[in-house]
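These notes concern the structure reproduced below.
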Amino acid sequence: TMDPAKFSRKLWGARKQLILMLAPLLLLPLLFVVPPKEGKCLYVVLLMAVYWCTEALPLAVTAMLPVCLFPTMGILPSKKVCPQYFLETNFLFLSGLVMASAIEECGLHRRIALKVLKIVGVKPAWLILGMMITSSFLSMWLSNTATTAMMLPIANAILESLFGNLETLKENCDSRVKMHVLPCEKQVLTTENTSEQKNLEEVRREAEYQMKVWKGFLISIPYAASIGGTATLTGTAPNLILVGQLKSYFPECDLINFGSWFVFAFPLMLIFLILGWIWIAFLYGGLNTRLCISKHDERAAAEAKAKAVIDEDYKKLGPIKFAEGSITFLFIIFAVLLFTRDPKFVNGWSVFFTKGYVSDAVTGVIIISILFFFPSQCPSLRWWFDSRASNTPYVPLLSWRKAQESVPWNIILLLGGGFAMAKGCEESGLAVWIGNHLQPLAQVPPAVAVIFITAFIACFTEFASNTATIIIFLPVIAELAIRVNVNPLYFMIPATTGCSYAFMLPVSTPPNSIAFASGHLMVKDMVKTGFVMNILGILCVSLAVNTWGLHMFNLHTYPDWARPLNVGLGFQTCHPPTSASMSTSR
């Protein structure tokens, strides 16, 4: 007989193959229990959810399942499924990724990081703040993963200059004062022994403090990257999924664009970032009187050495190159055009074009197209007038080969899979069927429901991809809002933002995994820090959506753009998100 331990190891080794084969069989009863078309769509949705959560198939491959399953099961024809994989939202995401690869190619991101660290200073708490500000700003435009991968080596270099070699630090932490007592006589501590003991104890205590600060540095980077990604539409995939699914479910809704999202999400990001910094600096020893008071001791000498390292690294970059200046200029134009296209509170430049023709995707593609022909070196005019003058070689700011290597095409397929799933839920009637079963939730006041929804999504995304999580739950949340007669954005915006707040586990996000892979963090460090970060994030989202978000998006009224769907479902009244309105709708 096979040893149970060996058998369980074999099962674990073959878990993905078992899930691939068993999941379709175990879900088959749905086809007979749920109404025909809704049951087929629910079967596909749950099958994709299982594959996404377990990663039995690569995420992008699972995202393509609607292309084969929706047409063959009679849910949606392929001519309606396939276009969902390259909507204008995908083009906006693609333009953000290409711009990010151009910034990385010229090294502009490193210059920004070192400049911020020069400004904030080298005391541990200020350096953690500098790391968090830089990481959050970069992840607004670059991917969270790329930001973390770029910032960690910079952090390690600064830490080594502050505290020396990590292995020596660990040895000092583990050192204990050993007392040698002879069997038949009492140990007499001389003054010399006592002072040696105190010195060893001080070394150990200082090493423990330095190890805590080291952990604080490393853990702050992925957290800040995840927080920063929520501030812009292109910062993280779930934000774009919200826009895409809004266009699918509520075609008349045009409230969410690059500018309006930034105005809502950027203050939220700042508040959460400051609270997160205070918590991390408090937990890992960075908050003390040294923030404002200068002392001349060993720590001050180490801080001076770290400042010299930052200054030296920045000096090595040299003056700003032509390519860096060009990309900075194009990046500013890119951001300004996106913000001012249709900011809602004033007329944007889109009024000069036919209404509804120009979107954020158009703006993005115009700017990134310039990257492929604009020269990376200052062109020489002497060549035209002097035949002996050497010609400056023409190299564009970004080559297509580099863009191809840098862009994570799997994420674009994942976005498409989400939009295809949403289209299937809408066309098959599954969304309405789910809504009918969510009626008991109408008893919960909307403000409380926002906290529950954000907390649930934040917990679920600890174990699954944030993109997959929001794809699965956003249609359900939209239908829930319709059922309880609340503005759909009142539930959908907090869910989308909360989806990025995965802080507790190394597997929650790629940035967490990268920081954990450095070998200096333990799972308990991430759980302890991340649990409070999750609570802070949920409270910040609730604050944002119930204050400035309420007025920005008119969340206190049921909108006309959601009314056709609402009327079709038999609702005719409109109520703001208050507990009183809930009882009226019931």
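Along the sequence shown, the residues carry numbers beginning at 1. Computed from a predicted model, the values in this text were never measured in an experiment. Values reported hereafter were calculated over all heavy atoms of this structure, with side chains retained and with hydrogens, waters and symmetry mates removed.
- Rounded to the nearest 0.5 angstrom, Met48 CE and Ile471 CD1 are separated by 7.0 Å.
- Residue Phe452 qualifies as open at atom CZ: its count of foreign heavy atoms under 6.0 Å is 12 or below.
- Side-chain contact check for Asn512 and Thr509: at least one donor-acceptor pair (N or O, by modelled atom type) lies under 3.5 Å.
- Panel note: side chain Asn534, backbone Phe531; no donor-acceptor pair is recorded below 3.5 Å.
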Going through the checks in order, is the side chain to side chain donor-acceptor pair (under 3.5 Å) test met by Ser428 and Glu38? CA-CA 6 Å; Ser428 68; Glu38 292 90 330; over 6 Å; no
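- In this structure, the side chain of Tyr51 engages the main chain of Leu20 through a donor-acceptor pair within 3.5 Å.
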How far apart are the C-alpha atoms of Tyr501 and Phe272, what are their side-chain angles, what is the distance that settles it, and do they pass the ring-ring contact (aromatic ring centres under 6.0 Å, His included) test? CA-CA 11 Å; Tyr501 295 164; Phe272 189 17; 4.8 Å; yes
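- The main-chain N or O of Ile227 is found under 3.5 Å from a side-chain atom of Thr230 such that the two form a donor-acceptor pair.
- Taking both residues in full, the closest heavy atoms of Thr148 and Pro222 are given as OG1-CA, 4.0 Å, listed atom of the first, atom of the second, then distance.
- Pro488 places a side-chain heavy atom less than 4.5 Å from the side chain of Trp561.
- Just one residue in the list Phe491, Trp52, Phe460 forms a ring pair (Phe, Tyr, Trp, His ring centres under 6.0 Å) with Phe473, and that residue is Phe460.
- Under the ring pair (Phe, Tyr, Trp, His ring centres under 6.0 Å) test applied with Phe258, the options Phe266, Phe339, Phe264, Phe93 reduce to a single match, Phe339.
- Contact record, Gly276 with Met533: CA-SD, 3.7 Å, taken as the closest heavy-atom pair.
- The shortest side-chain heavy-atom distance between Leu275 and Cys540 falls under the 4.5 Å cut-off.
- Taking SG of Cys41 as the start and CG of Leu46 as the end, the distance is 9.5 Å to the nearest 0.5 Å.
- With values rounded to the nearest 0.5 angstrom, Met421 atom CE is found 12.5 Å from Ser248 atom OG.
- Rounded to the nearest 0.5 Å, atoms OG (Ser135) and CD1 (Ile221) are 5.0 Å apart.
- Within the 3.5 Å criterion, the main-chain N or O of Leu240 finds no donor-acceptor partner in the side chain of Thr89.
- Under the 4.0 Å criterion applied to side-chain N and carboxylate O atoms, Lys402 and Glu104 are not assigned as salt-bridge partners.
- Side-chain contact check for Asn554 and Tyr490: no donor-acceptor pair (N or O, by modelled atom type) lies under 3.5 Å.
- When all heavy atoms of Ser226 and Ser500 are compared, the closest pair comes out as CB-O, 3.7 Å.
- By the 6.0 Å and 45° rule, Arg9 does not stack over the aromatic ring of Trp12.
- Of the possible donor and acceptor atoms, one in the side chain of Asn257 sits under 3.5 Å from a partner among the backbone N and O of Asp342.
- Considering all non-hydrogen atoms of both residues, Leu30 and Leu42 come closest at CD2-CD2, 4.0 Å.
- Looking at Thr340, its side chain does come within 3.5 Å of a backbone N or O of Val336 through a donor-acceptor pair.
- Between the OH atom of Tyr43 and the CD1 atom of Ile75 there is a distance of 10.5 Å, given to the nearest 0.5 Å.
- Residue Val351 comes nearest to Gly348 through the heavy atom pair CG2-O, 3.1 Å, listed as atom of the first residue, atom of the second, then distance.
- Taking 4.0 Å as the cut-off between side-chain N and carboxylate O, Glu427 and Lys423 count as a salt-bridged pair.
- Interatomic distance, CE of Met526 versus CG of Leu521, reported as 6.0 Å (0.5 Å rounding).
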